[in-house]
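Naming: A, B, ... by sequence-line order, numbering from 1 per chain. All values reported here derive from a predicted model rather than from experimental measurement.
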Amino acid sequence: MKSEPDEASIDHLAHAAHHTLPWTGVRNYQARNFMRDMMQVGDGVLFYHSSCPEPGIAGLAEVSSTAYPDPTQFDKKSPYFDPKSSQETPRWLLVDVVFKKKIPLIPLAALREHEELKDMRVLARGNRLSITPVSEAEWRFIIKRLA
DNA sequence: GCCAACGTTGGC
DNA sequence: GCCAACGTTGGC
């Protein structure tokens, strides 16, 4: 799961109440569907810092809720407000994410060096999804070899 | 700041 | 349903 560290970094997560943050602001249908259809409580999360001086995996977290409506879509003062959404038929969902651990940054360039990770969705050419699946093999490799 | 890549919008 | 225009993402 990608986040801009200016907005929500691994340190923010570590210091949040209950070490938990709602993953607000996803406004892409594919990313939303991953949360809705594929994520379960207890799933591992690679916390990725994007759009920053050192992009890469900065920590480990866990999904701690199933998907539910993102309240910011109803908030006129929020940058994530969506006038086309309604309480009755919410368009955007989120999951809660709980902190597990901070790790020495695994830079994007390091991820790209490993043959084992060449098919990682987040590394695919032109990928713009902020949430992408990680295979079992990719997860194990990152945890054992890089984290 | 640049720019490639991709998603969304909206006219037709 | 097509597709051009536009906006956004995100690494560099």
Side-chain angles (χ1 to χ4, degrees), chain A residues 1-16 20-40 43-135 137-143 145-147:
Chain A
M1 298 178 84
K2 289 187 198 172
S3 180
E4 300 187 15
D6 287 349
E7 297 290 323
S9 70
I10 190 71
D11 291 319
H12 289 128
L13 184 62
H15 298 117
T20 299
L21 287 174
W23 205 262
T24 53
V26 171
R27 295 294 181 268
N28 169 284
Y29 289 104
Q30 237 183 313
R32 179 202 68 183
N33 294 348
F34 284 141
M35 292 194 284
R36 185 188 63 193
D37 303 333
M38 301 178 71
M39 287 183 156
Q40 297 178 294
D43 282 353
V45 171
L46 302 171
F47 195 114
Y48 182 95
H49 286 176
S50 69
S51 295
C52 58
E54 287 191 301
I57 298 170
L60 306 178
E62 225 172 72
V63 173
S64 61
S65 79
T66 52
Y68 64 95
D70 179 346
T72 63
Q73 71 195 299
F74 309 123
D75 178 2
K76 283 192 176 152
K77 286 171 295 191
S78 168
Y80 299 122
F81 176 67
D82 183 349
K84 294 184 199 155
S85 190
S86 71
Q87 297 273 357
E88 294 72 30
T89 54
R91 178 174 301 206
W92 304 113
L93 305 174
L94 57 71
V95 295
D96 290 338
V97 170
V98 61
F99 176 80
K100 283 289 156 185
K101 91 195 252 200
K102 187 174 178 178
I103 62 173
L105 187 86
I106 310 171
L108 175 58
L111 294 172
R112 292 198 188 282
E113 283 171 6
H114 296 282
E115 176 73 10
E116 291 87 344
L117 303 179
K118 69 174 168 47
D119 294 328
M120 269 191 95
R121 189 85 170 264
V122 74
L123 305 181
R125 176 185 175 80
N127 172 65
R128 286 175 48 194
L129 280 176
S130 62
I131 299 177
T132 48
V134 178
S135 75
E138 290 158 356
W139 176 270
R140 280 196 302 272
F141 181 82
I142 289 167
I143 297 300
R145 298 279 309 281
L146 304 180

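Partner of W92(A) under the side chain to side chain donor-acceptor pair (under 3.5 Å) criterion, chosen from N28(A), T24(A), T72(A), D82(A): D82(A).
Using cut-offs of 30° and 60° on the angle between ring planes, the pair F47(A) and W23(A) is perpendicular.
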At under 4.0 Å between heavy atoms, which parts of nucleotides 2-12 of chain C does protein reach? Answer with one letter per nucleotide, 5' to 3': B base, S sugar-phosphate only, - none.
-----BBSBSS
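When the side-chain contact (heavy atoms from CB on, under 4.5 Å) test is applied to T132(A), the partners found at least two apart in sequence or on another chain are R121(A), V122(A), N127(A), L129(A).
Here the CG-CD1 distance, from L46(A) to I143(A), works out to 6.0 Å after rounding to the nearest 0.5 Å.
We find that D70(A) and R32(A) are not joined by a salt bridge, their nearest charged nitrogen and carboxylate oxygen being 4.0 Å or further apart.
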